[in-house]
Amino acid sequence: MQKEAFDWVINRRRSNRSFDPAVAVPDDVIERSLQRAVLSPNSSNMQLWEFHWIKSEALKSKLTDYCLGQGAARTAKQLVVFVTRQDLWQKRARWNYDQIRQAIGDREPNKMEKRGLDYYGKLMPLIYRKDWLGLATLGRRTISFIMGLRKPFYRASGTADQRIMVHKSCGLAAQTFMLSIAAEGYDSCPMEGFDRVRVRKALGLPRGAEINMIIGVGMGTPAGTWGERKRVPFEEVVITHN
Ligand SMILES: Cc1cc2nc3c(=O)[nH]c(=O)nc-3n(C[C@H](O)[C@H](O)[C@H](O)COP(=O)(O)O)c2cc1C
């Protein structure tokens, strides 16, 4: 039964670019979907993401413009911008560290807890640190290269890796959100076709924050899906290594 329900949600979720103007999307649908989105898997539970729910009509109209007038934004009843916050790594590492510390209280930490404290206290700074000269990257590259010569080693290195890390997690949250919208009986459309410079400015995002995608939500219409769902042959993308 659960898998049938899941199939229903997967099939229901289509990118729809033309939402029914007569059907509103209640706020609690968005609220619940964002509550589900924050439960998405994310790298090291750092939660380097933010979800900007655009309720202001003036801002929505601005963003529609910045989404290049796309129907998915123009006809959307609700708009949510998924943002990565790589710049918050210290705060989030600290939060995770404190969670473990609080659980320990006054007693001695066990082996697992010690590892957790080292993970957020020492490893996260190694992975996320950035400096203008690129010395942190150089250090990471050198360590990865040397350590990787003899045995498998986690190859964290440059700023591109850091950006990929946060965008992966944010994309998963976006997917959870869209599946939730489908489960609630509404439709969505993810967008990367927008002017990121203007959207960043309109949202007042700080340096280090990036827009992952913008999602329009509404009640889809048949015209909005641009026809049947098409995928390249399954065998072309599923490679089995026996
Ligand atoms: C990261 C991302 C960005 C996308 N950007 C746009 C976009 O700017 N405009 C649009 O109409 N559709 C956009 N789409 C929707 C895709 O075109 C759509 O997911 C794809 O054609 C498959 O169709 P389906 O979602 O109905 O299964 C985007 C999808 C993703 C995942």
Side-chain angles (χ1 to χ4, degrees), residues 30-55 79-107 109-141 143-144 147 153-180 190 192 196-197 199-215:
I30 302 297
E31 173 85 40
R32 277 194 297 275
S33 298
L34 288 172
Q35 294 282 1
R36 291 170 186 137
V38 298
L39 298 181
S40 301
N42 66 93
S43 186
S44 300
N45 204 26
M46 290 283 276
Q47 303 164 65
L48 294 169
W49 54 31
E50 241 169 27
F51 314 108
H52 291 242
W53 182 0
I54 313 300
K55 288 197 173 182
L79 215 52
V80 181
V81 185
F82 284 68
V83 173
T84 63
R85 289 298 306 265
Q86 198 188 317
D87 55 313
L88 294 181
W89 71 265
Q90 280 166 304
K91 189 177 173 196
R92 296 284 197 268
R94 183 81 228 176
W95 181 85
N96 275 291
Y97 186 93
D98 289 346
Q99 295 289 308
I100 303 170
R101 265 260 146 260
Q102 271 165 29
I104 297 167
D106 294 332
R107 62 173 169 79
N110 62 34
K111 218 170 146 189
M112 173 103 164
E113 288 160 342
K114 268 191 197 141
R115 274 171 57 184
L117 292 174
D118 278 349
Y119 192 85
Y120 291 107
K122 295 181 185 154
L123 186 65
M124 287 301 105
L126 265 179
I127 289 177
Y128 280 101
R129 183 161 290 135
K130 246 175 158 176
D131 59 85
W132 290 112
L133 288 171
L135 294 176
T137 294
L138 187 68
R140 279 188 293 264
R141 286 224 167 101
I143 293 171
S144 298
M147 298 299 284
F153 192 75
Y154 177 63
R155 315 264 178 169
S157 55
T159 49
D161 292 314
Q162 293 170 331
R163 292 182 59 222
I164 289 169
M165 232 166 7
V166 292
H167 278 281
K168 271 192 256 189
S169 296
C170 196
L172 290 173
Q175 172 70 340
T176 304
F177 177 79
M178 289 186 282
L179 291 178
S180 168
E192 63 190 352
R196 65 167 188 246
V197 174
V199 177
R200 278 176 59 95
K201 203 166 165 218
L203 298 182
L205 297 178
R207 275 180 88 88
E210 286 185 0
I211 297 140
N212 178 253
M213 60 184 102
I214 301 178
I215 301 184

| query | Below 6.0 angstrom between ring centroids: does that apply to F177 and F51? | reply |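 No, the ring of F177 stays outside the 6.0 Å limit from the ring of F51, centre to centre.
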| query | Ion pair present between D118 and K114, side-chain N to carboxylate O less than 4.0 angstrom? | reply |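 Salt bridge flag = no for K114 with D118.
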Report yes if some heavy atom in the side chain of [X] is under 4.5 Å from a heavy atom in the side chain of [Y]; otherwise report no.
X: V166; Y: R85; result: no
X: M124; Y: N96; result: no
X: I104; Y: L117; result: yes

Out of curiosity, [X] [atom1] to [Y] [atom2], how far, rounded to the nearest 0.5 Å?
X: L34; Y: L39; atom1: CG; atom2: CG; result: 11.0 Å
X: Q90; Y: R129; atom1: CD; atom2: CZ; result: 7.0 Å
X: I215; Y: M178; atom1: CD1; atom2: CE; result: 4.0 Å
X: L79; Y: H52; atom1: CG; atom2: NE2; result: 12.5 Å
X: L138; Y: R140; atom1: CG; atom2: CZ; result: 10.0 Å
X: F82; Y: I214; atom1: CZ; atom2: CD1; result: 11.0 Å

| said: Among residues at least two apart in sequence or on other chains, which ones pass ring-ring contact (aromatic ring centres under 6.0 Å, His included) with Y97? | reply: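 Expected list: none.
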| query | Around R155, counting heavy atoms of other residues, nucleotides and ligands shown, do more than 12 lie under 6.0 Å from its CZ? | reply |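 Yes.
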| request: Would you indicate whether R207, at its atom CZ, is surrounded by more than 12 heavy atoms from other residues, nucleotides or ligands within a distance under 6.0 Å? | output: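 12 or below, so no.
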Does any N or O in the side chain of [X] come within less than 3.5 Å of the main-chain N or O of [Y], such that one atom is a donor and the other an acceptor?
X: Q47; Y: N45; value: yes
X: R36; Y: T176; value: no
X: Q162; Y: Y128; value: yes

| field | Residue of the set H167, E50, K168, E192 for which side-chain contact (heavy atoms from CB on, under 4.5 Å) holds with N212 | value |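 The side-chain contact (heavy atoms from CB on, under 4.5 Å) with N212 is passed solely by H167 among H167, E50, K168, E192.
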| At their closest point, which heavy atom of C170 faces which heavy atom of T84, and how far apart are they? |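 Looking at all heavy atoms of both residues, the shortest contact is CB-CG2, 3.7 Å.
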